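Here's the structure we're looking at; comments come further down.
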Amino acid sequence: MDKRLIIIDGNSIINRAFYALPEMNNKEGLKTNAIYGFTTMLFKIIDIYKPTHISVAFDRKTPTFRHIEFKEYKAGRKKMPDELRVQFEPLKELLDNFKINRLEIDGFEADDIIGTVSKRAEENGYKVYIVTGDKDAIQLASDNTTTLITKKGVGEVEEYDFNSVMEKYEMTPTQFIDLKGLMGDKSDNIPGVPGIGEKTGIKLIKEYSSIENLIENTDKLKGSVKTKIEENKELAVMSKRLATIIRDVPIEINLEDLVFGDYNKDDILENFRHLGFTSLLSRVLELDGGEDVIEEKTNLNISKLENIDEFINTVNSKGKLILKSVRKQGNILSKNILYLFVSVDGENIYYINEEDIARFEGVLSSVEIKKYGYNMKEDYIALRAYNIKLENMNFDITIAEYLIDSASATSYECSALAMKYLTKKMKSEEELLGKGVKAKKYQDLEFEELSEYISDIVYTVKNVSPKMEKSLNETSMDGLFYHVEMPLVEVLGNMEYEGMKVDRDKLNELGIEFKEIINTLEKEIYELSGEPFNINSPKQLGVVLFEKLELPVIKKTKTGYSTNAEVLDKLRDKHPIIDKITEYRQIVKLNSTYVEGLLAIINPISNRIHSSFNQTITTTGRISSTEPNLQNIPVRMEMGRKIRKVFIADEGHELVDADYSQVELRVLAHMSGDENMIDAFNHDEDIHTKTASQVFNVPIDEVTSDIRSAAKAVNFGIVYGISDFALSEDLHIPVKQAKEYIENYLDKYHKIKEFMDNTIESATEHGYVTTLLNRRRYIPEIKSSNFMERNRGKRFAMNAPIQGSAADIIKIAMVNVYKKMEECELKSKLILQVHDELIVEAIDAEIEIVKRIVKEEMENAVAMDVHLDVDLNVGSSWYETK
DNA sequence: ACACCGTTG
DNA sequence: CGCGACAACGGTGTA
């Protein structure tokens with residue numbers, strides 16, 4: 001077989017990669033962009049050139065013979081940035097995983113090693129490919145040696161062999177050395193002949209073929225060129241020597257040591273996971289061209305469950321079940337399960353048709369049998385329509401992965417988890433169904449197609465869950481997982497299934513009311529501006545305000561004038577149109593997002609709104625709500641607040657609304673252990689008034705509302721990871737004053753300062769921060785070399801434990817409220833959570849007990865040095881619960 | 001697909 | 001030195 005050697009200039013490629021790619025970090029904050037670029041380049045050339053041998057040459061830090069001959073050699077080079085320097089060692093380790101030979105030797109550059117090895121290889125009948133970003137290596141090109149010069153960072157290469165060099169430059173590869181001897185090289189600080197540039201250089205080399213020959217024939221030269229050459233003969237010769245790549249470096253090389261292919265895939269995979277190169281994992285599998293390895297189907301045994309009773313016995317004796325329901329598209333409340341797939345051993349899968357599901361209820365609703373799955377809330381909801389309560393959801397791989405890395409860029413999709421944990425390729429849901437309007441529904445799939453997909457999911461659940469469990473244990477998140485997040489799946493499933501009742505007529509009325517106001521405002525605005533235009537277009541609005549009406553430009557966006565509320569507020573006094581626009585914006589928002597948006601999504605069966613609650617979205621541990629988002633229904637402005645009148649309790653019910661008072665500041669007081677703030681809370685003082693009194697040094701009863709709201713802003717700022725600038729913007733005060741406020745604050749609450757400092761320090765050291773329940777958020781930004789990024793990282797570090805602990809607390813409360821209501825066999829339902837607020841739709845007879853349970857469970861969710869305080873309100877609409 | 005804007009905690 | 005609050009979702013306009 002032909003032997004093909006690839007030899008890479010390590011320093012050159014890592015440099016190119018570093019400067020071509022944006023900053024990247026693994027989750028511990030290690031810089032990885034240059035390693036990543038190097039690795040993608042490596043895969044690419046392996047792919048194209050299919051080498052039998054590979055070697056990477058590196059420079060050493062020690063001076064080379066060139067420095068000794070010419071001390072100015074490579075002088076004036078910029079120092080290597082630390083962000084790049086730190087990537088060398090990990091890259092070398094990775095090369096070791098690939099079992100790729102590395103070559104370096106004192107006194108010579110990587111170039112010289114490459115020159116030597118390529119010569120030797122060529123003599124032994126190899127085809128050689130040299131990979132570098134440095135055009136100097138073109139001199140090594142020959143019939144059997146191709147120099148590959150990277151382009152566009154490291155993404156592409158240009159090939160140079162003897163013929164292509166001749167064709168392109170009308171010179172032999174070795175004549176490049178002569179050319180450089182004349183021209184010099186700025187980046188290496190090789191002088192060359194002063195005054196001779198590329199053009200003249202090429203002309204001379206073409207005519208005289210080498211520097212030596214040129215020098216012998218200077219009498220044939222004319223004019224200034226002649227004097228330049230004659231006066232700089234030695235310089236030219238030395239420059240040529242500096243530019244000449246050495247081809248007989250005293251280095252011991254056995255070419256057979258450079259054989260490529262002895263790598264251990266598992267080592268590489270493990271290192272890739274460590275480096276965060278999840279997108280490259282599949283490339284490792286493909287390394288030896290093993291298409292079959294990747295495409296290998298799980299192909300577990302899938303068959304219709306014939307003997308249901310026997311299987312039920314097996315499940316009961318094993319005490320566990322992997323399951324996945326597949327649903328037709330349709331109403332959340334309808335019975336529309338196509339198949340329920342179940343497996344005990346993760347190897348034999350059975351499917352149950354809709355009509356047999358009832359026979360399986362005993363197993364599904366048994367609290368003895370642990371259920372394993374993927375996106376189990378879907379299964380829970382799907383079964384609810386059959387009046388089956390899926391009990392003991394014990395392990396959902398999506399939820400587990402969310403805890404393992406909530407800030408991960410990759411999705412929690414099964415296919416991604418299969419790749420990450422098992423290095424197994426499987427179809428993603430999008431690959432299965434297609435995307436966009438043409439996307440298929442599950443009911444459109446061939447059974448074969450579907451069963452392959454389900455087989456992969458079952459296989460993944462089975463094999464990933466033990467690894468995840470280990471990881472949860474190691475990070476002390478098993479408690480959070482088993483006692484909070486997993487039980488919460490059922491709570492959220494019920495919230496979605498129950499939904500919230502809306503008054504459609506009332507919503508329509510509001511819509512009419514809003515539209516009338518919009519029409520009037522529209523006319524007034526056109527009147528004031530002198531022309532009709534699309535007020536909703538920031539672009540057109542910008543033109544009207546800042547060009548036509550010539551109002552002062554306050555702020556610009558990337559694309560033009562900023563017209564946001566803050567800017568408009570500053571322009572209020574300048575023109576009567578501004579207030580109209582502000583009002584217009586407000587009402588249009590209410591109408592389109594809330595009136596139209598909500599109307600479109602009322603469930604025709606229940607006349608209720610069934611929002612989706614997502615447990616794996618936020619980086620801090622909060623829940624999010626979509627379709628519709630019920631967590632941002634207006635409340636601050638009266639006009640918007642009216643929307644809450646349409647969220648009502650069913651007949652014979654009331655809404656019991658309970659919200660935590662200052663939960664985040666209480667968490668902060670507890671976590672920091674600041675006696676001053678703990679004391680304030682435990683004496684039930686108004687925290688903002690107290691803060692005002694302490695920070696501004698005024699007696700409590702002299703705190704004005706202005707001072708109080710300033711203190712409130714500072715309290716907020718602290719939670720967000722404060723900066724003097726932002727606070728000054730918020731309070732419209734000078735930065736200097738804002739700075740004083742903060743200093744005063746941190747002085748009075750000195751343990752809060754300590755807490756913040758410690759948190760940042762710990763985040764920098766470990767790469768993550770934790771909440772009360774050990775929920776983790778990785779913060780790679782905190783190690784960024786970019787000032788702005790790093791500061792963001794610090795703010796994340798300060799905020800995440802506070803916001804995240806508050807999220808922990810309300811999640812515990814939700815689980816406990818739900819359990820308690822169930823225990824008491826109440827008919828009332830928990831239907832909504834808005835970060836620090838829970839809403840129960842309580843049947844009239846149960847209102848008092850619900851109030852008691854909710855308050856009790858929320859206030860006692862966790863034991864802290866600060867007690868938790870819950871405000872309760874009852875009303876027949878959300879509007880009234882204030 | 002992305003930018004801008006506005007709504008909530 | 002540098003910029004600038006934390007966490008979400010959805011509608012509209014524009015390229």
Side-chain angles (χ1 to χ4, degrees), chain A residues 406-407 436 533-542 555-568 581-582 584-598 600-601 611-614 617-637 639-641 643-644 659-664 668 713-731 735 738-739 742 769 777 779 784-804 806-807 810 832-837 878:
Chain A
S406 71
F533 64 100
N534 188 345
I535 311 166
N536 292 320
S537 159
K539 195 178 169 188
Q540 293 183 36
L541 179 62
K555 204 170 93 179
K556 289 210 150 203
T557 66
K558 255 187 277 186
T559 51
Y561 308 110
S562 170
T563 64
N564 68 19
E566 198 187 330
V567 169
L568 294 185
I581 289 169
T582 308
Y584 175 89
R585 282 239 177 107
Q586 192 194 350
I587 312 272
V588 163
K589 169 82 176 177
L590 292 175
N591 190 55
S592 57
T593 303
Y594 298 105
V595 177
E596 304 288 347
L598 290 174
I601 211 163
S611 174
S612 299
F613 295 98
N614 200 320
I617 293 287
T618 71
T619 50
T620 51
R622 277 186 174 183
I623 287 164
S624 83
S625 156
T626 57
E627 288 180 289
N629 180 355
L630 289 185
Q631 294 180 321
N632 70 347
I633 303 299
V635 67
R636 292 174 191 169
M637 311 288 263
M639 182 72 80
R641 195 172 194 147
I643 298 283
R644 295 188 170 218
D659 71 298
Y660 279 119
S661 156
Q662 305 296 350
V663 62
E664 292 193 343
L668 173 61
V714 181
N715 273 326
F716 266 93
I718 292 290
V719 169
Y720 294 155
I722 201 156
S723 82
D724 48 17
F725 180 87
L727 183 65
S728 79
E729 286 284 299
D730 195 31
L731 287 176
V735 177
K739 197 168 173 207
I742 296 167
V769 292
R777 173 172 175 179
I779 305 179
S784 170
S785 55
N786 178 299
F787 174 82
M788 218 169 84
E789 274 292 295
R790 200 165 57 247
N791 276 351
R792 283 185 66 212
K794 288 181 185 174
R795 293 197 299 272
F796 295 159
M798 291 187 271
N799 176 256
I802 303 173
Q803 192 182 116
I810 197 160
L832 186 60
Q833 184 250 45
V834 192
H835 308 311
D836 63 356
E837 172 185 12
W878 201 359

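Keep in mind that what you see is a predicted model, and the values were worked out from it rather than measured. Chain A is the first sequence line, chain B the second, and so forth, proteins listed ahead of strands; every chain is numbered from 1.
- Only the C1' atoms considered, B:dT7 is 32 Å distant from C:dG2, to the nearest whole Å.
- From the 5' end on, the contacts that DNA chain C makes with chain A at under 4.0 Å to a non-hydrogen atom open and close at C:dG2 to C:dA15.
- Every residue meeting the salt bridge (Lys or Arg N to Asp or Glu O under 4.0 Å) condition with A:R622, not counting sequence neighbours, appears here in chain and number order: A:E664.
- Annotation: side-chain contact (heavy atoms from CB on, under 4.5 Å) contacts of A:R792 (sequence neighbours excluded): A:E789, A:R795, A:F796.
- No contact: A:A600 has no heavy atom under 4.0 Å from any strand.
- In this structure, the side chain of A:T620 does not engage the main chain of A:G804 through any donor-acceptor pair within 3.5 Å.
- Looking only at distances, a side-chain donor or acceptor of A:Q631 sits under 3.5 Å from a matching main-chain atom of A:Q833.
- Under a 3.5 Å cut-off, the side chain of A:S611 and the backbone N or O of A:T626 do form a donor-acceptor pair.
- In this structure, A:Y584 has no side-chain hydrogen bond (donor to acceptor under 3.5 Å, both in side chains) partners at least two apart in sequence or on a different chain.
- Across all strands shown, A:E596 has no heavy atoms under 4.0 Å from either base or sugar-phosphate atoms.
- Listed in residue order, the members of residues 787-796 of chain A having a heavy atom less than 4.0 Å from DNA chain C are A:F787, A:M788, A:R795, A:F796.
- Residue A:I802 is out of contact with every strand shown, counting any heavy-atom pair closer than 4.0 Å.
- Taking atom P in both B:dC5 and C:dG4, the straight-line distance is 15 Å, to the nearest Å.
- Residues that satisfy the side-chain hydrogen bond (donor to acceptor under 3.5 Å, both in side chains) test with A:T618, not counting sequence neighbours, are A:Y402.
- Among the atoms of the strands shown, only primed sugar atoms or phosphate atoms (P, OP1, OP2) are found under 4.0 Å from some heavy atom of A:R777.
- C:dC3 and B:dG6: their C1' atoms are spaced 24 Å apart (whole Å).
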Review point. What one-letter contact string describes nucleotides 2-9 of chain B from 5' to 3', where B marks a base within less than 4.0 Å of any protein heavy atom, S marks contact via sugar-phosphate atoms alone, and - marks no contact?
Key: -SSSBBBB
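- The side-chain contact (heavy atoms from CB on, under 4.5 Å) check on A:F787 picks up A:R790, A:N791, with sequence neighbours excluded.
- Applying the side-chain hydrogen bond (donor to acceptor under 3.5 Å, both in side chains) test to A:S728 and every residue at least two apart in sequence or in another chain returns nothing.
- The 5' end of DNA chain C is approached more closely, in terms of each residue's nearest nucleotide, by A:T618 than by the other of A:T618 and A:N534.
- For residues 589-598 of chain A, the pairs satisfying salt bridge (charged side-chain N to carboxylate O under 4.0 Å, His left out) are A:K515-A:E596, with sequence neighbours left out.
- When side chains are defined from C-beta on, A:N536 does not count as touching A:L541, because their heavy atoms never get closer than 4.5 Å.
- Taking the side-chain hydrogen bond (donor to acceptor under 3.5 Å, both in side chains) definition, one finds that A:N534 meets it with nothing, sequence neighbours left out.
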Check your understanding: Dot-bracket for DNA chain B, 5' to 3', counting Watson-Crick or G-U wobble pairs under 3.5 Å, with [ ] for crossing pairs and | for inter-strand pairs?
Key -> |||||||||
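- Note: A:N614 CG to A:I623 CD1 = 9.5 Å, rounded to the nearest 0.5 Å.
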